[in-house]
Structures are given as structure tokens and as C-alpha cells.
Amino acid sequence: MTHPTENAPDPGLQLHFRSCLGAFATGVTIVATRAPEGDAVGLTVNSFNSLSLDPPLVLWSLRRVARNANLFRAAGHFSVSVLAVGQLALARHFAVSAPDRFAGVAHHEGLGGCPLVDAAIAWFECETVSVQELGDHLLFVGRVLRCARVPGLPLVFHQGDFGRTIALDPEA
Ligand SMILES: Cc1cc2nc3c(=O)[nH]c(=O)nc-3n(C[C@H](O)[C@H](O)[C@H](O)COP(=O)(O)O)c2cc1C
């Protein structure tokens, strides 16, 4: 007979796992889409990454219990705005629950009506090609239809804190 707690995740192990993942510094993005009723929806995401150059594919993952999980699943497109170091407030804003996160946030509309955050340093406009349920997340793969970038330094996320890059002396 299986003990009910036998398959429960070990909280100590989860903390350790998260801490180890935190050693991997990432950029910070806002991933967004457009709801059928017309609302712009998005959230702060650091699971964004490159997947393939030919064809151009990117990926990100979304907690299955996220408020807009079904909406992202059903949407044919998503956008990714890579935040600049000066956009820490936006990263925080898009990581807490609010009815309309895009209200008062400067943005413009991209392919599929997906909102692109102004003053970001790069944008990817994607067509969703695959959504997979894996563990407690949904893995989204998008084909990049259009991307752009402007000069600027990225906002960084490392070990649970936001930061900035410091270039190393190439001669050192
Ligand atoms: C730096 C940072 C990165 C995050 N990355 C992700 C991510 O990759 N996937 C995810 O589902 N949530 C991520 N989150 C959490 C979501 O932004 C947060 O839970 C958000 O409120 C979810 O949207 P919802 O409230 O509409 O469900 C991240 C939060 C922060 C601060």
C-alpha cells in the first residue's frame, strides 16, 4: 500500500533545486499575448531561451496554475520583450497579480495583436508552434516571425535578486 505522503515533493529538495537553478543568471522578459476579448495580458518571465536558429525557435515555460494559462494556450501568438536595466519596476509590476497589468504601461502592438513593451532592448514576435504539459509547467515553443533590438544593457535575474551586468576587462 502506498503511503499518502510517499509521492509528495520533499520541500527541502525543492528549495535546494530552486537554489541551484538560481545560480544560472538570466535576463528578464515580459511575455504577452492578446485575449480574444481584446485585453493585453502578460507576465514577468525568466524561463525564456533560444531553442533553434533554423528555423528560428524560442521557448518559455508558464506555471500551469497561472491565471492566463488557458489564454496563452489558445492564443496563436505571443510576444517577448527583453527588459532593459532601467525597467526593474516593470519586472516587479508584471510579477504581481493585477486586473490589467498593461494599464499605464507604454507599449505598442505587434503581430497577432500582442503587446510589445516600449523601451525594452529586444522584442520577439512569435507564432505558437507547440504547447506541452511538463510537470507543473506548460512549455511553449514559438517560431520567431519578427525580432528587433536596440542598444542597451539588460536587466539580470540571479539567485532571486535583480541586478545588472558588469563587463570584465577583456585583457584580464
Ligand atoms: C524574475 C521573475 C521571473 C519569472 N519567471 C517566470 C516564468 O518563467 N514562468 C512563470 O510561470 N512565472 C514566472 N514568474 C512569476 C510570474 O511573473 C508571476 O507569478 C505572475 O504573477 C504570474 O502571472 P498571473 O498572476 O497572471 O498568474 C517570474 C517572476 C519573476 C519575478
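In each ligand, atom 1 is the first atom listed, and ligand 1 is the first ligand listed.
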Inset, instruction - In sequence, state the C-alpha distance, the side-chain angles, and the governing distance for W60 and F124, and then conclude on ring-ring contact (aromatic ring centres under 6.0 Å, His included). - result: CA-CA 12 Å; W60 66 288; F124 299 86; over 10 Å; no
Legend entry - Shortest non-hydrogen separation from I30 to L90 and the atoms involved: CD1-O, 4.2 Å
Inset, instruction - Among all protein heavy atoms, pick out the one at the shortest distance from atom 18 (C) of ligand 1; state its residue, atom name and that distance to 0.1 Å. - result: A95 O, 3.6 Å
Inset, instruction - With heavy atoms of A66 as the reference, note each atom of ligand 1 found under 4.0 Å away. - result: 27 (O)
Inset, instruction - Heavy atoms only: give me the nearest V85-G163 pair and the separation to one decimal. - result: CG2-O, 4.4 Å
Inset, instruction - Report yes or no: does a heavy atom of W60 sit under 4.0 Å from some atom of ligand 1? - result: no
Legend entry - Atom indices of ligand 1 within 4.0 angstrom of L62 heavy atoms, with elements: 11 (O)
Inset, instruction - Below 4.0 angstrom from a heavy atom of F157, which ligand 1 atoms are there? Numbered from 1 as shown, please. - result: 1 (C)
Legend entry - Nearest-neighbour protein heavy atom for atom 12 (N) of ligand 1, which is reported as residue plus atom name and distance: L43 CD1, 3.9 Å
Legend entry - Residue-ligand contact F94/ligand 1, heavy atom below 4.0 Å: yes
Legend entry - For atom 27 (O) of ligand 1, closest protein heavy-atom neighbour: R67 N, 2.9 Å
Legend entry - Within 6.0 Å of CD1 in I166, more than 12 heavy atoms from elsewhere: no
Inset, instruction - Distance to 0.1 Å, residue and atom name: give those for the protein heavy atom nearest to atom 11 (O) of ligand 1. - result: R63 N, 2.9 Å
Inset, instruction - Would you check whether S97 has a nitrogen or oxygen atom less than 3.5 angstrom from a nitrogen or oxygen atom of ligand 1? - result: yes
Inset, instruction - Over all heavy atoms of both residues, which pair between R73 and L138 is shortest? Give the atoms and the distance, please. - result: NH1-CD2, 3.7 Å
Inset, instruction - Examine the proximity of ligand 1 to R101 and report which part, side chain or backbone, both or neither, has a heavy atom under 4.0 Å away. - result: side chain
Inset, instruction - Applying ring-ring contact (aromatic ring centres under 6.0 Å, His included), name anything that partners H77, two or more places apart in sequence or on another chain. - result: none
Legend entry - Top protein contact for atom 6 (C) of ligand 1, by heavy-atom distance: T44 O, 3.4 Å
Legend entry - Pairwise salt bridge (Lys or Arg N to Asp or Glu O under 4.0 Å) hits with a residue in residues 154-164, at least two apart: none
Inset, instruction - Report, as yes or no, whether the 6.0 Å neighbourhood of atom CG on L134 holds more than 12 heavy atoms from other residues, nucleotides or ligands. - result: yes
Legend entry - Heavy atoms of other groups near H158 NE2, more than 12 under 6.0 Å: yes
Legend entry - Contact check, S61 vs ligand 1, heavy-atom distance below 4.0 Å: yes
Legend entry - Identity and separation of the nearest protein heavy atom to atom 8 (O) of ligand 1: S47 OG, 2.6 Å
